[in-house]
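Numbers here simply count residues along the sequence, with the first being 1. The structure displayed is predicted, hence computed values, not measured ones.
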Amino acid sequence: MARNSAYPNARLNALSQPFAQKLSAEWKGTSLTGGTTKNFIGGQFVESKTDEWSDVHDPSTQTLLSRIPQTTSEEFEQAVQAASKAFKTWSRASVLTRQRFVLELQHLLRQPANADAIAQSIVLEQGKTLADARGDLLRGLQVVETAIAATTTLLGDKIEVSRDMDTYTRKLPLGVCASIAPFNFPAMIPLWTIPMALVTGNTLIVKPSERDPGAAMIIAELCQRAGLPDGVLNIVHGKVPTVNAICDHPAIRAISFVGGDRAGRHIFNRGTQNGKRVQSNMGAKNHAVLMPDANKNLALNSIISAAFGAAGQRCMAISVAVLVGEAQSWLGDLIERSKKLKVTGGFESGADLGPVISPQAKERILGLVASAKEEGGKIVLDGTGLTVPEYPDGNFIGPTIIEAGTSMKCYKEEIFGPVLLVLKADNLDDAIDIINNNTYGNGAVVFTQSGATGRKFEIEVNVGQIGINVPVPVPLPMFAWSGNKGSHLGDIGFYGKSGINFYTQNKTTTSLWRAEDAVGNRATTAMPTHT
Ligand code: NAD
């Protein structure tokens with residue numbers, strides 16, 4: 001078996017190894033024992049012919065799990081051709097046929113063996129805890145379940161605009177679409193797009209994150225088992241060349257992107273310049289405002305969970321706590337409670353957070369913590385030196401809390417790790433100003449017992465997703481994702497009604513069928529007046 005050259009002795013421990021072996025044996029597209037991850041093109045799991053591969057490592061041990069191909073141009077073209085061919089029939093399949101596919105996918109994703117496989121693959125490749133990995137899938141599954149309503153959400157409009165003249169609109173699919181995913185939600189983010197794009201009659205090319213492609217491969221196999229015709233869903237792997245091929249291919253009509261700012265801006269610009277519809281969800285800095293009248297226990301536990309869960313690698317993680325007035329005296333309790341979190345491998349019982357995704361990510365996070373120190377920040381809880389004896393090579397960082405200022409680099413940049421910045425504000429207005437001056441616009445939350453305070457916050461704060469005593473206010477998929485400002489480019493959000501709109505275009509027909517032309521009219525003997 002091939003090994004990680006930087007960590008030649010790395011191997012999975014007795015807890016993880018059986019999962020890796022079982023998953024590799026049972027699923028066609030993925031390997032977690034050092035083999036290759038396949039492309040999924042035209043209904044086949046195919047080994048790439050590329051000579052460029054990149055490695056997928058277990059972030060807890062650095063064990064080489066899989067190698068993913070830099071899909072060649074010929075293979076990419078095959079995927080687009082397969083999707084274009086399948087579009088001709090899938091777009092004409094009845095909405096009931098497409099709904100039945102989504103119903104069957106939902107059923108398969110809910111089966112414990114399948115859900116377990118996806119969650120285990122996420123723990124191995126991404127590092128999050130098993131409970132959190134199950135949540136990753138569940139939040140995607142909720143999009144699948146909402147997509148089942150397509151028989152209602154795709155209804156068009158019709159009105160008689162003049163005598164015997166009708167105008168009506170139909171919501172029709174766009175064609176071949178593409179979805180580019182980040183590493184932090186390997187199941188949820190592909191499931192933001194797969195059910196929505198397919199139930200509306202499009203065909204789709206998914207490019208998972210090169211760091212954790214396994215969950216998407218299992219989902220693809222389940223789509224096939226759910227009866228999806230060949231070519232309707234295709235998966236191609238790779239890095240920037242695959243992304244650029246998606247942005248440039250004339251047959252691709254729309255791109256959904258979720259990830260960091262640099263890639264998001266690049267894809268939005270390149271995709272829209274090529275005439276594609278693009279939705280781009282990017283980075284974030286989400287603030288939690290702690291008012292002195294808050295339920296202290298709820299507020300502190302919520303903030304700790306939202307700041308350090310998934311090792312802070314959620315785009316809706318709380319990364320800044322703004323302590324208002326007397327709530328500033330709660331900092332000591334916040335630190336003490338954060339210290340108690342258990343940092344270890346994701347399969348370990350009682351694990352609260354696992355490692356960050358890669359040694360490079362860890363280095364970057366440590367660099368930002370160091371920059372805070374240099375700029376006068378106070379590290380009041382320092383998890384940067386944490387070691388986990390059972391996982392000495394893992395990318396672990398313990399919960400870290402920094403008293404910071406808004407001019408510091410660690411405040412201006414997204415950290416994307418288990419690091420919580422604490423700011424102080426004299427009053428609610430000052431806290432709201434801080435949030436509104438931040439360039440990002442994903443989420444902000446307030447903890448208060450006052451309805452009036454909550455309402456003022458909700459109205460005056462300019463971000464897309466507000467929580468009132470709710471730490472991670474990710475909208476369920478009957479609503480749409482609504483991040484704004486620097487966290488989003490494009491006009492149409494993910495899933496919900498927006499998802500239907502993103503993946504459809506209206507066709508409007510006006511028809512005239514005069515009553516006097518109907519077959520079977522009685523003869524009239526009146527003098528014709530030509531009116
Ligand atoms: P990333 O931008 O590094 O990668 C995302 C995707 O873009 C990957 O598929 C990758 O292959 C591709 N990519 C990376 N660099 C590229 C480049 N220079 N040119 C073209 N393509 C490129 O993001 P990540 O590290 O995988 O994910 C973390 C980021 O995603 C964080 O910034 C997080 O806030 C963000 N995120 C946002 C949301 C949201 O809804 N706003 C949700 C989840 C994650």
Side-chain angles (χ1 to χ4, degrees), residues 129 132 285-314 316-344 350-356 362 365-389 395-411 413-426 430-431 434-435 443-448 467 469-472:
T129 67
D132 200 29
K285 203 83 176 171
N286 307 306
H287 298 64
V289 173
L290 240 84
M291 298 303 292
D293 71 335
N295 173 332
K296 181 178 169 186
N297 187 47
L298 169 81
L300 292 184
N301 285 346
S302 300
I303 288 176
I304 288 165
S305 148
F308 303 124
Q313 300 170 115
R314 291 184 186 134
M316 284 292 282
I318 287 176
S319 47
V320 184
V322 186
L323 311 185
V324 176
E326 286 159 29
Q328 290 166 18
S329 66
W330 299 353
L331 180 58
D333 281 353
L334 184 68
I335 296 167
E336 286 314 309
R337 291 183 190 208
S338 304
K339 274 184 193 164
K340 295 196 178 109
L341 295 178
K342 184 169 171 186
V343 187
T344 184
D352 290 309
L353 56 142
V356 297
K362 177 171 174 175
I365 295 163
L366 298 189
L368 283 166
V369 175
S371 78
K373 230 186 257 181
E374 281 159 25
E375 290 181 294
K378 194 165 154 202
I379 320 290
V380 290
L381 178 63
D382 189 352
T384 56
L386 177 108
T387 51
V388 181
N395 314 315
F396 293 98
I397 302 176
T400 298
I401 301 180
I402 307 175
E403 280 189 64
T406 53
S407 61
M408 292 180 188
K409 188 172 178 212
C410 65
Y411 178 78
E413 285 187 23
E414 184 185 40
I415 299 179
F416 222 57
V419 180
L420 176 67
L421 306 185
V422 172
L423 304 178
K424 291 178 178 167
D426 290 337
D430 289 351
I434 290 172
I435 298 170
V445 306
V446 65
F447 290 93
T448 178
N469 298 320
V470 173
V472 185

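- Of all the heavy atoms in Thr344 and Ala351, the pair that sits closest is CG2-CB, 3.6 Å.
- Between Cys410 and Ile415, some side-chain heavy-atom pair lies under the 4.5 Å cut-off.
- Distance CG/Asp352 to CD1/Ile304: 10.0 Å, rounded to 0.5 Å.
- Here the closest heavy-atom approach between residue Ala294 and residue Trp330 is recorded as O-CH2, 3.8 Å.
- The line from OG of Ser302 to CG of Asn297 is 8.5 Å long, rounded to the nearest 0.5 Å.
- Ile401 places a side-chain heavy atom less than 4.5 Å from the side chain of Phe308.
- To the nearest 0.5 Å, atoms CG (Leu423) and CE (Met408) are separated by 9.0 Å.
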For Asn469 and Asn295, what are the C-alpha separation, side-chain angles and deciding distance, and is it a side-chain contact (heavy atoms from CB on, under 4.5 Å)?
CA-CA 9 Å; Asn469 298 320; Asn295 173 332; over 6 Å; no
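- What you find for Val324 and Ala431 is that their closest heavy atoms are CG2-CB, 4.1 Å.
- For the pair Asp132 and Arg314, the minimum side-chain heavy-atom distance is below 4.5 Å.
- Taking every heavy atom of both residues into account, Ala311 and Pro355 meet most closely at CB-O, 4.0 Å.
- Between the side chains of Asn286 and Ser319, no donor-acceptor pair is found at a separation under 3.5 Å.
- Annotation: Glu375, atom CD; neighbour count of heavy atoms from other residues, nucleotides and ligands within 6.0 Å is above 12.
- Here the CD1 atom belonging to Ile397 is positioned 8.0 Å from the OG1 atom belonging to Thr384, to the nearest 0.5 angstrom.
- Between Glu403 and Lys424 there is a salt bridge, since a side-chain N of the basic residue sits under 4.0 Å from a carboxylate O of the acidic one.
- In this structure, CZ in Arg337 is found 14.5 Å from CG in Leu381, a value given to the nearest 0.5 Å.
- Within the 3.5 Å criterion, the main-chain N or O of Gly385 finds no donor-acceptor partner in the side chain of Thr387.
- Heavy-atom minimum distance, Thr129 versus Gly354: CG2-N, 4.3 Å.
- Counting only heavy atoms from C-beta outward, the side chains of Tyr411 and Val320 approach each other to under 4.5 Å.
- When side chains are defined from C-beta on, Ile435 counts as touching Val289, because their heavy atoms get closer than 4.5 Å.
- For Leu341 against Pro399, the heavy-atom pair with the smallest separation is CD1-CG, 4.0 Å.
- You'll find the side chain of Leu334 reaches within 4.5 Å of the side chain of Leu420, heavy atoms only.
- Annotation: Lys409, atom NZ; neighbour count of heavy atoms from other residues, nucleotides and ligands within 6.0 Å does not exceed 12.
- Using a 4.5 Å heavy-atom threshold, the side chains of Leu368 and Val419 count as separate.
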Give the intermediate values and the outcome of side-chain contact (heavy atoms from CB on, under 4.5 Å) for residues Val356 and Ile365.
CA-CA 9 Å; Val356 297; Ile365 295 163; 3.9 Å; yes
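- Atoms NZ and CG, from Lys378 and Leu331 in turn, are 8.0 Å apart once rounded to the nearest 0.5 Å.
- Side-chain contact between Ile379 and Ile402 is present, with at least one heavy-atom pair separated by less than 4.5 Å.
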Let's go through Leu300 and Leu290 carefully: what are the C-alpha distance in whole Å and the side-chain angles of both, what is the deciding distance for side-chain contact (heavy atoms from CB on, under 4.5 Å) to 0.1 Å, and is it a yes or a no?
CA-CA 9 Å; Leu300 292 184; Leu290 240 84; 4.1 Å; yes
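- Without hydrogens or angle criteria, Gln328 side chain to Ala425 main chain gives a donor-acceptor distance under 3.5 Å.
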